[in-house]
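Structure first, then comments.
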Amino acid sequence: MSAFYDAVYRAVGRIPKGRVATYGQIALLCGNPRASRAVGWALHQNPMPGVIPCHRVVNREGRMAPAFAFGGPEIQRGMLEEEGVPFLPDGRADLARALWSPGAGEENP
DNA sequence: GGACTGACACTGG
DNA sequence: ACCAGTGCCAGTC
């Protein structure tokens, strides 16, 4: 497990409940705004369910990878909905309101 | 040591 | 507005 991994896991773990972050945000917190690929890869390599809420990490579309490791995209949607993340009729998370602001802390409008 | 892969993001047409 | 191609980074073979 490299330091980059730890940074990714920590960034993901910092995502407050009811909020989601994009790979780009995690990459930015990691120190490399362009490392969005590596971020997703880190999560894929070490899913660590229970410790790393991958379900709170979505791409810039507000949607997760085509192959979710938690059991299915429906599971993630259900979890995020339970957390209070607004979802659009398209099946994507409403990034306009659910997107977490890194550094700004856990806001709750 | 080099090359390929991969849960993304951005720019160009 | 949409589709396609390219670039980034880290890890693994």
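Below, read A as the first sequence line, B as the second, and so on, with proteins coming before strands; counting in each chain starts at 1. As the structure is a prediction and not an experimental result, all values here were calculated from the model.
Listed candidates were B/dA7, C/dA10, C/dC9. Nearest to the side chain of A/His44 is B/dA7. Here B/dA9 is the nucleotide among C/dT12, B/dA9, C/dC9 with the atom lying nearest to any side-chain atom of A/Arg60. Of the candidate nucleotides C/dT12, B/dA9, B/dA7, C/dT12 has the atom nearest to the side chain of A/Gln45.
A heavy-atom distance below 4.5 Å is found between the side chains of A/Arg56 and A/Glu83.
Between the CD atom of A/Gln25 and the C1' atom of B/dC10 there is a distance of 15 Å, given to the nearest Å. Following rounding to the nearest Å, A/Ile26 (CD1) and C/dA10 (P) show an atom-to-atom distance of 16 Å. Atom OH in A/Tyr5 sits roughly 14 Å away from atom P in B/dG6 (whole-Å rounding). Atom CG of A/Asn59 and atom C1' of B/dC10 are 14 Å apart (whole Å). If you measure from atom CD of A/Glu61 to atom P of C/dC2, you get 11 Å, rounded to the nearest angstrom. When rounded to the nearest whole Å, the span between CD1 of A/Ile15 and P of B/dA7 equals 19 Å. A/Leu43 places its CG atom 12 Å from the P atom of B/dA7, with the value rounded to the nearest Å. Rounded to whole Å, atom P of B/dA9 lies 14 Å from atom CZ of A/Arg63.
Taking OH of A/Tyr23 as the start and CG of A/Asn59 as the end, the distance is 7.0 Å to the nearest 0.5 Å.
Applying the side-chain contact (heavy atoms from CB on, under 4.5 Å) criterion to A/Ala98, with sequence neighbours excluded, gives A/Val20, A/Val85, A/Pro86.
A sub-4.0 Å separation between OP1 or OP2 of C/dA10 and a side-chain N or O of A/Asn32 is present.
Heavy-atom nearest nucleotides on DNA chain B were determined for A/Arg34 and for A/Gly40, and the one closer to the 5' end corresponds to A/Gly40. Residue order along DNA chain C, read from the 5' end via each residue's closest nucleotide, puts A/Ser36 first among A/Ser36 and A/Phe4.
A/Gly62 approaches A/Leu95 most closely through the heavy-atom pair N-CD1, 3.4 Å.
Judged by distance alone, the side chain of A/Asp94 and the main-chain N or O of A/Ala96 form a donor-acceptor pair under 3.5 Å.
Judged by Watson-Crick or G-U wobble contacts below 3.5 Å, the nucleotide C/dG5 has B/dC10 as its partner. As the counterpart of C/dC13, B/dG2 is assigned, both hydrogen-bonding distances of the Watson-Crick or G-U wobble pattern falling under 3.5 Å.
Contacts of A/Ala38 with the nucleic acid, taken as non-hydrogen atoms under 4.0 Å apart, include base atoms.
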